[in-house]
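Heads up: numbering here begins at 1 and tracks the sequence. The model shown is predicted, which means the values in this text are computed figures rather than measured ones. The analysis underlying the following values was restricted to heavy atoms, covering all of them including side chains, and did not include hydrogens, waters or symmetry mates.
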Amino acid sequence: MPTIRRGVAADLAAVAEIQAASPEAARWNPAAYLDHDFLVAVSDGDVAGFLAGQAVAPDEREVLNLAVAPRFRSRGIGRALVHTFLEGLHGTAYLEVRESNRAARKFYNSLGFQEFTTRPGYYESPQEAAIVMKFHSC
């Protein structure tokens with residue numbers, strides 16, 4: 001199982017590589033993650049994945065980006081990152097995912113997220129709708 005910890009500046013090069021190898025992930029300047037809730041998963045001594053999110057209100061969080069390095073996929077790393085981010089939440093979490101990204105939609109559904117609404121034209125390169133997904137915790 002990976003170790004999940006807060007991301008730091010020294011992790012940004014690895015995060016940039018993971019993001020570059022994950023065309024389905026949003027394209028952020030990795031340094032911007034330092035201004036958010038920034039988690040990294042470390043496995044075998046390497047940064048294996050990351051999650052950036054934020055608290056929108058005391059009972060509301062938003063997943064901004066999540067990606068796992070290709071060689072670490074299907075090992076529960078994305079699941080561990082999301083569980084850590086949602087830990088202690090008594091409210092709602094939201095995220096957007098490309099309409100065409102069926103694997104991500106299935107993954108988030110398996111974590112208890114439900115498709116909530118659509119945002120037409122939300123993504124660029126290529127232009128595509130976003131599916132807004134919602135998770136509620138009591």
Side-chain angles (χ1 to χ4, degrees):
M1 203 63 191
T3 300
I4 309 296
R5 63 168 171 76
R6 180 141 178 86
V8 296
D11 299 320
L12 295 179
V15 166
E17 287 180 24
I18 293 167
Q19 191 170 261
S22 305
E24 63 282 355
R27 297 282 178 245
W28 284 51
N29 175 344
Y33 295 134
L34 296 171
D35 296 328
H36 297 282
D37 295 329
F38 175 39
L39 300 173
V40 296
V42 178
S43 184
D44 301 331
D46 293 324
V47 174
F50 72 93
L51 181 148
Q54 64 184 359
V56 179
D59 60 350
E60 188 175 316
R61 295 183 192 165
E62 178 181 24
V63 176
L64 300 170
N65 208 358
L66 169 69
V68 175
R71 72 183 179 109
F72 290 104
R73 290 183 185 160
S74 298
R75 296 188 192 179
I77 291 171
R79 187 172 299 277
L81 284 162
V82 173
H83 279 289
T84 300
F85 179 67
L86 296 177
E87 196 170 88
L89 174 66
H90 297 286
T92 306
Y94 294 92
L95 59 85
E96 294 92 12
V97 62
R98 282 186 179 272
E99 186 174 37
S100 64
N101 193 343
R102 298 222 181 272
R105 291 165 64 185
K106 183 178 177 181
F107 167 73
Y108 290 121
N109 281 142
S110 77
L111 292 170
F113 282 83
Q114 297 178 349
E115 296 185 7
F116 179 63
T117 191
T118 303
R119 291 186 179 147
Y122 182 82
Y123 289 104
E124 297 176 358
S125 300
Q127 187 168 1
E128 185 174 357
I131 303 296
V132 180
M133 300 186 79
K134 175 173 130 175
F135 172 87
H136 187 75
S137 174
C138 298

With a cut-off of 3.5 Å and sequence neighbours excluded, list every side-chain donor-acceptor pair involving residues 88-95.
residue : atom : partner : partner atom : Å
H90     : ND1  : C138    : O            : 2.9
T92     : OG1  : H136    : ND1          : 3.0

Would you mind writing out the side-chain donor-acceptor pairs for residues 59-70 within the sub-3.5 Å range, not counting sequence neighbours?
residue : atom : partner : partner atom : Å
R61     : NH1  : F85     : O            : 2.4
R61     : NH1  : E87     : O            : 3.3
E62     : OE1  : Q54     : NE2          : 2.9
N65     : OD1  : A26     : N            : 3.3
N65     : ND2  : Q19     : OE1          : 3.4
N65     : ND2  : A26     : O            : 2.9
N65     : ND2  : Y33     : OH           : 2.8

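Counting only N and O atoms by type, the side chains of E128 and S100 include a donor and acceptor under 3.5 Å apart. Side chains of S22 and R27: a donor-acceptor N/O pair is absent below 3.5 angstrom, by distance only.
Residue Q114 comes nearest to N109 through the heavy atom pair CA-ND2, 4.1 Å, listed as atom of the first residue, atom of the second, then distance. Listed here is the closest heavy atom pair of V15 and P30: CG1-CB, 4.4 Å. Taking both residues in full, the closest heavy atoms of L12 and A31 are given as CD1-CA, 3.7 Å, listed atom of the first, atom of the second, then distance. Residues Y123 and A129 approach most closely at CD1-O, 3.8 Å, considering heavy atoms. Taking every heavy atom of both residues into account, M1 and A80 meet most closely at CE-CB, 3.8 Å.
Here the side chains of I4 and V42 are not in contact, with every heavy-atom distance at 4.5 Å or above. Between R6 and L34 there is no side-chain heavy-atom pair separated by less than 4.5 Å. Looking only at side-chain heavy atoms (C-beta outward), P126 and R98 come within less than 4.5 Å of each other. Annotation: side chain of E96 is not in contact with side chain of M133 (no heavy-atom distance under 4.5 Å). Residues V47 and E17 fail the side-chain proximity criterion, which asks for heavy atoms closer than 4.5 Å. Taking the side chain as every heavy atom from C-beta outward, I131 and Y108 never approach each other to under 4.5 Å. In this structure, the side chains of F113 and V82 come closer than 4.5 Å at one or more pairs of heavy atoms. At a threshold of 4.5 Å between non-hydrogen side-chain atoms, the residues R79 and F107 count as touching.
Atoms CD1 and OG1, on I77 and T3 in that order, are 10.0 Å from each other to the nearest 0.5 Å. To the nearest 0.5 Å, atom CG of residue D37 and atom CG of residue L39 are 7.0 Å apart.
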Is there a salt bridge (charged side-chain N to carboxylate O under 4.0 Å, His left out) between R105 and E24 once you walk through the steps? CA-CA 12 Å; R105 291 165 64 185; E24 63 282 355; over 6 Å; no
Quick one: do F72 and D46 satisfy side chain to side chain contact (heavy atoms under 4.5 Å, CB included)? Show the steps, please. CA-CA 10 Å; F72 290 104; D46 293 324; 4.2 Å; yes
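Hydrophobic clustering keeps V56 apart from F135 (ILVMFWY residues linked when any side-chain heavy atoms are closer than 4.5 Å, directly or through intermediates). The same ILVMFWY cluster, assembled from side-chain heavy atoms under 4.5 Å apart, contains both I18 and F38.
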